[in-house]
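Computed from heavy atoms alone, side chains included, the values below leave out hydrogens, waters and symmetry copies. Protein chains get the first letters and strands the later ones, always in sequence-line order, with residue 1 at the start of each. Computed from a predicted structure; not experimentally measured.
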Amino acid sequence: MISYLTELNKLSESINKAIKEYGIATSAIYVGEPTETSFGDITTNAAFVLSKTLRKSPYEVAKDLIEKIEFSEEDIAVELHSSGFINFRLTDLFYLKFLNQIIKNQGYGKITVPEKKKIIIEHTSVNPNKALHVGHARNVVLGDTFYRLFKRLGHQVTVLNYIDDTGVQVADLIVGFKYLGYPLESDEKYDHYCGDVVYVNANKAIEESEALKKKRGEVLKDLEQGGEIYRYARPIIEKIVKEQLKSAWNIGARYDLLNWESHFVHGGYWKKMFEVLKEKGLIKFVTEGKHKNCWVLLDKKVLVRSDGTAVYTAKDLTYAAWKLGLIPDEFYYSVFTKQPDGSELYSTSLDGGLKGLYKPADEAYILIDQRQLPLQNLIKDALKALSASKDYKVIAYGLVALSKNTAEKIVKGKVEKEIVHMSGRSGIYYNLDDLMEAIKQVALKLINERNPTLPEKEEVASKIAVAAIRYSLMRPDLDKQIVFDINDALKLEGDTGPYIQYTYARASKILEKSNNEVSLLNQIKLSEEEKRLLLQMSKYDYYLFKAYSSTSVTALANYVHELAFAFNVFYEKKRVLDEKDSELKKMRIALVYAYKQIILDAMNVLGLPELKEL
RNA sequence: GGGCCCGUAGCUCAGCCAGGAUAGAGCGUCGGCCUUCGGAGCCGGAGGCCGCGGGUUCGAAUCCCGCCGGGCCCGCCA
């Protein structure tokens, strides 16, 4: 394998080896990208770190150290900077080998972690009583992107979606249908109808009526017990889930398994969990104080009330433990539906189907918004105490709120606050399907202006919308709150998903016109733009691993944008097809070919749909 | 009362984890590139006490402490 990362690792090793000759225990030696590209491709601050103990200037140390570092001069050139940084540059020969490798492999090649793991990732998990809004979309996009990343790195990944079909939100909806007379059918998309009309109004009515509150309590109890009302509700819920899935599929997501909360409840999983917790001494029965007669987890959180019923966190904990195989799996599994990517989506079941379909995971990831972090960390601590070898990983992200502007459009009136939080209950949210449609219309308009003869405009516009939505939701750092503004969301220029798709289309067009005549190179002569593009291309694996080890796709998305930018600069400055020098032309075709392979690979990881033309 | 996150250009954000070389993008703005392998592009200009104060250090946007501003969480609820 020839890549930036492999060269970086080799250098890092040999720098550390060279430092050992000084007999100094090293810590925090940086070997990596320099702050500015003009300094080189790889840099190290080793001389600064050593200068303290050696009592010499960084430059003096670097001058000496540089002689001790071993590397292949074929691939790397070294430079000593007057500041004391040692900078390395990849050579033309390195790039020649790198290009040929891609041409031979017809792609970047295998990028595999040293240790393949069984990973479970849970995302989406939206209450099945309404449509997905842009806040849920952040969860779906991040979850699906991590799934794609793990998969790309060679892990065995299972994607779960948890359906809370026994909660209050569903109970509200059922009250609306059963006692408030809302019709069971509608011409509207069903999840929109249920969320926008039935749930919002039912909730309002329930809050205002003690009698309805009592009814809701009965519904809730029946859902838990799997009685008559549960059987009435089940088909309604399934219909909503199917619509929610469509919205998620539309932006490129897929799942392996639906976990129904009712199956955990009716299957008695909490009782099993309770026994495990008791046996390991993680929960204690409290005999006095404010938690008298309750069972408390890790001296922090009540899990069983004084009346003997379990709190919601108990269900969360049970589910988490099940993922890691800490309680036995007694479910049956059956096919719920077929997905657009051709795969089958399974569902848990209590009566009939396959058994033991899913093996416990080594690592279980869950995507949550920041508000749930304290609770999920508690679960993480509890699981750690149950089994040290298993890893429960929480990926928390900032909330998606609405800008004042956008909120005013939804409530159709004045809004005081600069930022408005979405709320399914009060009907303040921007639905994902609506966003898709709005961006699609903008894209369609652009296509009609710029490329009116393009075939399958609708489909192309959809793919542009997917790229725009996914990129904008994965690009900000996880910690950052996103203030969603519809006017900003409709912009398709600059640092966006479509920008990246566009460079792929440009590369595809050139290759198509060259009749795809790509062949291995014997020599190489590179301009600044070409070298810069190749450098970016060689860094692909470096950023994939970085995204995995830091559990963040921000830097990866950023990198892909820079890669696309490097291609655009090359494209502006150098001609490919009308280049007179045949060797140069051959080299540039190879370069474009390699770019296309890598950007496509990257787009697959980020879930940006491929477009040969737009 | 206790805790978490954010604060970098007019706006939206990278960079902070592993301190180091002139703090970078996008949008907007002003100007340039249609003799176009497709302009959803490229090039340039203007625009920064990196929230404030202190500390550590030869060196701080980055680490530590305090404050200010914004968002959020903390029930035997779900």
**Student:** Can you check the distance between rG41(B) and rC58(B), where both ends of the measurement are the P atom (answer in whole Å)?
**Tutor:**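 Going atom to atom, P in each nucleotide, I get 48 Å.
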**Student:** Rounding to the closest angstrom, what is the interatomic distance between rG10(B) and rC52(B) at atom P?
**Tutor:**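 Nearest-Å result for rG10(B) against rC52(B) at atom P: 13 Å.
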**Student:** Quick check: any donor-acceptor pair below 3.5 Å linking the side-chain of N87(A) to the base of rA21(B)?
**Tutor:**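 Such a pair exists between side chain and base.
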**Student:** Any ion pair linking R588(A) and E530(A) (charged N to carboxylate O, less than 4.0 Å)?
**Tutor:**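 Yes.
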**Student:** Please figure out whether T35(A) or N568(A) has its closest RNA chain B nucleotide nearer the 5' end.
**Tutor:**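 Final value for this comparison: T35(A).
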**Student:** If you draw a 6.0 Å radius around CD in Q441(A), do more than 12 non-hydrogen atoms from other residues or ligands fall strictly inside?
**Tutor:**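 Above 12, so yes.
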**Student:** Ion pair present between E493(A) and K491(A), side-chain N to carboxylate O less than 4.0 angstrom?
**Tutor:**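 Result for this pair is no, no salt bridge flagged.
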**Student:** Below the 4.0 Å mark, does rC4(B) have OP1 or OP2 next to a side-chain nitrogen or oxygen of R371(A)?
**Tutor:**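 Result: no.
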**Student:** Mind checking the C1' distance from rA23(B) to rG47(B)? Whole angstroms is fine.
**Tutor:**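 Each nucleotide's C1' atom is 14 Å from the other's.
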**Student:** Just how far, in rounded Å, is P of rG38(B) from CG of N451(A)?
**Tutor:**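 That distance rounds to 11 Å.
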**Student:** RNA chain B: L446(A) or V31(A), which has the more 5' nearest nucleotide?
**Tutor:**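 In this pair, the answer is V31(A).
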**Student:** When you measure from the side-chain N and O atoms of Y499(A) to the phosphate of rC42(B), is any distance below 4.0 Å, counting only OP1 and OP2?
**Tutor:**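 Y499(A) to rC42(B) OP1/OP2: side-chain N or O found under 4.0 Å.
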**Student:** For atom P, what is the distance between rC73(B) and rU57(B), given to the nearest Å?
**Tutor:**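 Per the computed distance, 41 Å lies between those P atoms.
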**Student:** Between K214(A) and E210(A), is there a salt bridge with N-O shorter than 4.0 Å?
**Tutor:**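 Salt bridge: no.
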**Student:** Closer than 4.0 Å, any side-chain N/O of H291(A) to the OP1 or OP2 of rC76(B)?
**Tutor:**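 For rC76(B), OP1 or OP2 has a side-chain N or O of H291(A) closer than 4.0 Å.
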**Student:** P atom, rC16(B) versus rC33(B): distance in rounded Å?
**Tutor:**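 The answer is 39 Å between these two P atoms.
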**Student:** To the side chain of F48(A), which of rA40(B), rU8(B), rG20(B) is closest?
**Tutor:**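 My answer, after comparing the listed nucleotides, is rG20(B).
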**Student:** Using the C1' atoms only, state how far rG59(B) lies from rG20(B), rounded to an integer number of Å.
**Tutor:**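 The answer is 7 Å between these two C1' atoms.
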**Student:** Any carboxylate oxygen within less than 4.0 angstrom of a Lys/Arg side-chain nitrogen, looking at K440(A) and E458(A)?
**Tutor:**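 Yes.
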